[in-house]
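Computed from a prediction, not measured in an experiment: that's the story for all the values here.
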Amino acid sequence: MARIIYGECIGTGASAPVRISALADHGCDLETDGAGAVSDGDVALWIGAMGPFPAMARRENAGRMALRFKEPLDGRILRHFLG
């Protein structure tokens, strides 16, 4: 079973609580409840209490987004959440 991490995705004028999965240095997948208030484009992601991490978001469907970090996450952050 994949590990789910809770966070918040903040876009221009909107934010949404998210469930983070497939966390990697380059990006992750986000699940929201319903359509969510955050749209495609520049966002900031809080992973738990760490962040914000600048990223680009692309909505895949009403409740799912793909995120690509603008700078790779440090390995220590990945180990903290995935270790």
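- For the residue pair D25 and L78, the shortest heavy atom distance occurs at N-CD1, 3.7 Å.
- Heavy-atom minimum distance, V38 versus A14: CG2-O, 4.0 Å.
- Exactly one of R64, M65, E60, R59 qualifies for a side-chain contact (heavy atoms from CB on, under 4.5 Å) with L30. That residue is M65.
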Donor-acceptor list for residues 6-13 side chains, cut-off 3.5 Å, not counting sequence neighbours:
| residue | atom | partner | partner atom | Å |
| --- | --- | --- | --- | --- |
| E8 | OE2 | S15 | OG | 3.1 |

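- Within the model, atoms CD1 of I20 and CG of L67 stand 8.5 Å from one another, a figure rounded to the nearest 0.5 Å.
- Applying the salt bridge (Lys or Arg N to Asp or Glu O under 4.0 Å) test to residues at least two apart or on different chains, the pairs with a partner in residues 11-21 are R19-E31, R19-D33.
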For residues 41-57, dump all side-chain donor-acceptor pairs below 3.5 Å to protein atoms at least two apart in sequence or in another chain.
| residue | atom | partner | partner atom | Å |
| --- | --- | --- | --- | --- |
| D42 | OD1 | K70 | NZ | 2.7 |

task: For the pair L23 and L73, evaluate side chain to side chain contact (heavy atoms under 4.5 Å, CB included) and give the outcome as yes or no after the intermediate values.
output: CA-CA 10 Å; L23 181 64; L73 289 183; 3.8 Å; yes
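- In terms of heavy atoms, A22 sits closest to D29 at CB-OD2, 3.7 Å.
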